[in-house]
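When reading the values below, keep in mind they use all heavy atoms of this one structure, side chains included, and skip hydrogens, waters and symmetry mates.
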Amino acid sequence: MSMERMISYYLFTTYVIVGAFLFGTLEGLNPEGQYLLQIRKSLVDNFNNLDNWNSSDSTPCGWIGVNCTQGSNPVVYALDLHSKNLSGYLSPAFGKLAHLTYLDVSFNDLTRKIPKEIGNCSALEFLLLNDNKFEDQIPKEIGRLSCLQSLNLCNNKISGPFPTEIGNLSSLTELIAYSNNISGSLPPSLENLKTLKVFRAGQNLISGSLPPEISGCQGLEWLGLAENQFSGEIPKEIGMLKNLSYLNLVSNLLSGTIPAELGNCTSLTTLALYKNNLEGPIPIELGNLMALEKLYLYRNILNGTIPREIGNLSRAVEIDFSENSLLGQMPIELTKITGLQLLYLFSNKFTGVIPDELTSLKNLSKLDLSINYFNGSIPIGFQYLTNLSKFQLFSNSLEGSIPQGLGVYSSIWLIDLSENSLSGRIPRHLCQNSNLSFLNLGSNQLTGNIPTGILNCKTLVQLRLVGNKLRGSFPLSLCKLVNLSAVELDQNEFSGPIPPEIGTCGRLQRLHLSYNRFTSELPREISNLSLLVTFNVSSNFLFGKIPPEIFSCNKLERLDLSHNNFVDALPDEVGTLSQLELLKLSENNLSGTIPVSLGKLLRLTELQMGGNSFSGSIPAELGTLSSLQIALNLSYNNLSGKIPYELESLDLLEFLLLNNNNLSGEIPDSLLNLSSLLGCNFSFNELSGSIPPFKQIQKMDSSSFMGNKGLCGAPLKPCNEAPPPLLPQDIEENRNRLGKIVAIISAAIGGVSLILITVIIYFMARPIDTVAPKQDKQFSSPVSDIYFSPKEGFSFQDLVAATDNFDDRFVIGKGACGTVYRAVLPGDHIIAVKKLASDREGNNVDNSFRAEILTLGKIRHRNIVKLHGAIILPNLQPEMKMRKEMGKEKRKRKIEQIR
């Protein structure tokens, strides 16, 4: 044999052996192993969790996640690939695993739709596809899985309705599909699922009514359909589900009454129907649910009283009827539920006293009876409840003192008794067990100082004592509390300086000290409060310059320094507060020009700078404040120049107040772009020209433009209007009127002369010894009987401003001819103003007024009632209404922000 032939034979033999080996290897991997390799091709295994899926193996039985039967011919019966960090999609090859009874690919990142071929796995009992990103509809072919016991599809992106074929799953005991985008209505075929025990499909988009056919699921124990769009009434047929232990229909659009038939579900341990539109009374039949532990009916429209039968729920631990329209007194029978831990009845219309028997519930941990009409005192027995942790009674009509032992026996962490009429002192032991985090006693009539136990409470996070009669200096001990984030001491009687040591309160986010009697300069050390979000020291007696250092608190969103005695210029550093949304500086003595840096406060929604002495022009940079919405108030200053046209960019602005300045030129037509404007005031400036035709012009009073000699057009007089010529009859009528006036004046002069003659004769005949003593004359001399007409610098507008639009607070006397008001005028004159009475139709008899001088003496500056920032003008009812509504909205926003 030649060498060439030998080489060829050798190569052929090698190829045959290798080929036979390879063929034998592939032939050795059984068909199910080959199907699994096809499945692997559609999966992305970045962490090599399926690394041992080897094609050289004869069977896949040793592969990760694969389980096979025993014996000489093993088959794959289970595939468990949960939490393997797999992505990709499920291959249709799954449908070839005919012996598969268990498939779990949960907690991965699989996408696309569920393959319809899965319906070929006729032996499948458990199909767990939850916590992936599967899309599209549930394939109707799943209905062929007659052996399926558990189907879990939750936490995916599945859409479309449940297929009708799902009713064919006669062996199904568990159907879990919550947190998807499933829509449509529930198929009536669900009634065929006689063995179904758990049905959870909450957090979807399922709509329509609850099908009465669901009562066919006689074995149902758990029904959770919360956070969908179900509407209509709860079917009374649910009462046929005798085995039901958990019913959750929360956050739907259900209406009608709660069916009394629910009282037949005697196995219920949890009944949650809150956040719907259910109405009518609470059925007394719910008292039959002796196994019930949790009853949640809050946030509906339920009315009537709490049935006494609720007291039969002896196993209840949590009852929440809050945010309804329930009324009447709290039934004593509730105190029979000895294991009760949570009782929420807030935001209803309950009346009467809080029963003392409620304090016998020794297990009570959380009690909230807020926003009702409870009266009387707080039962003293609450202080002995050892488990009490959350105690809220705010917004009632409670009076008397707070139980002084509160906090001694319990580790209470939240107390809110605000908005009542409670009096006396703050209990000393509220933080005795070092657990108190939130304390709100605001809007009461509490007196005295803040107890030392509160000031040293290391767990305290929020302290709210607004609107009481508390006294003392600023409590510096609070700065040692490392968890304290909010201090609200507004509207009390605290006094003394705000100390520099306040800079050590480094964790504070909210500091409110308004409406007190603090007297000092504002300490620059406030700049150390780097977390400060809201800072309010308005309506105190603070003075001096505003320290530029405070503007380094770059997290500030709300800053209120109004109604104090701050002087000098507003620092340019104010423009560094990039997060600022509210800035109030009104009613101070600030001067200089308005910093152009204010234009950098792009998140500002309200700017109040009225009632100061700012001069110069209005910076055009204010036009960049595109978020400005509530108000721009620059009134009652010394501003001059033209109104910048750049203000046209403030298209969210609702109120623009530029009155009582020295502004000149025309009102820019560009302000017509302020489409959100509800009110404006340009009065008492030096403006001229035609008033732009604002969309709201028909709602604007002329007083918003008065005091500008050059302005014309609606709502003022028309521009270039010539006076109408007098007709002959008008001339004759004027002559007759003039004659009458002359006759009346002549008669009046004659009468006065006669009186004067009589008085002179009387004094001439009077003995000398009747003259009053010198000291009596001196006593009466400051008061004058002289009435005078307004002079230069003393206008009707001054009287309106000084009496807050003739508010009743300034009334010092009333009579048949009118009402007398006390007013402080420019120049520190205190006068009495007589406003004439109105006729029967409600119109003033006369537009004139008279003023009686009471004293010409000076009074101290701090006693002057400063009203420069007000926008109260004659006949300003529409604008006053807008301002009141604005005030209400601001208070509402404040409450929302605080809570």
Within-4.5 Å side-chain heavy-atom neighbours: Leu153 and Phe134: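 Side chain of Leu153 against side chain of Phe134, heavy atoms only: no contact under 4.5 Å found.
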Side chain to side chain, Leu81 and Leu86, heavy atoms closer than 4.5 Å: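 The answer is yes; the side chains approach within 4.5 Å.
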Listed once per pair and sorted, the salt bridge (Lys or Arg N to Asp or Glu O under 4.0 Å) pairs that draw on residues 77-101, sequence neighbours left out: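 For residues 77-101, and leaving out neighbouring residues, there are no salt bridge (Lys or Arg N to Asp or Glu O under 4.0 Å) pairs at all.
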Pairs touching residues 219-247 that satisfy salt bridge (Lys or Arg N to Asp or Glu O under 4.0 Å), sequence neighbours left out: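 The answer is none; no pair qualifies.
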Lys390, NZ: over 12 other non-hydrogen atoms inside 6.0 angstrom: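 Enclosed: over 12 neighbouring heavy atoms sit under 6.0 Å from NZ of Lys390.
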Atom OH of Tyr409: over 12 foreign heavy atoms under 6.0 Å: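 No, the 6.0 Å shell around OH holds no more than 12 heavy atoms from other groups.
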Return the set of residues passing salt bridge (charged side-chain N to carboxylate O under 4.0 Å, His left out) with [X] (not counting sequence neighbours), or none when no residue passes.
X      : value
Asp109 : Lys133
Arg299 : Glu323
Arg308 : Glu333

Quick one: does any side-chain atom of [X] pair with a main-chain N or O of [Y] as donor and acceptor, under 3.5 Å?
X      : Y      : value
Asp131 : Asn155 : no
Asn324 : Leu302 : yes
Ser209 : Pro211 : no

Can you label the angle between the [X] ring and the [Y] ring as parallel, tilted or perpendicular, going by 30° and 60°?
X      : Y      : value
Phe382 : Phe391 : tilted
Tyr296 : Tyr274 : perpendicular
Trp413 : Phe438 : perpendicular

Side chain to side chain donor-acceptor pair (under 3.5 Å) partners for Tyr77, two or more places apart: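 For Tyr77 there are no side chain to side chain donor-acceptor pair (under 3.5 Å) partners, ignoring immediate neighbours.
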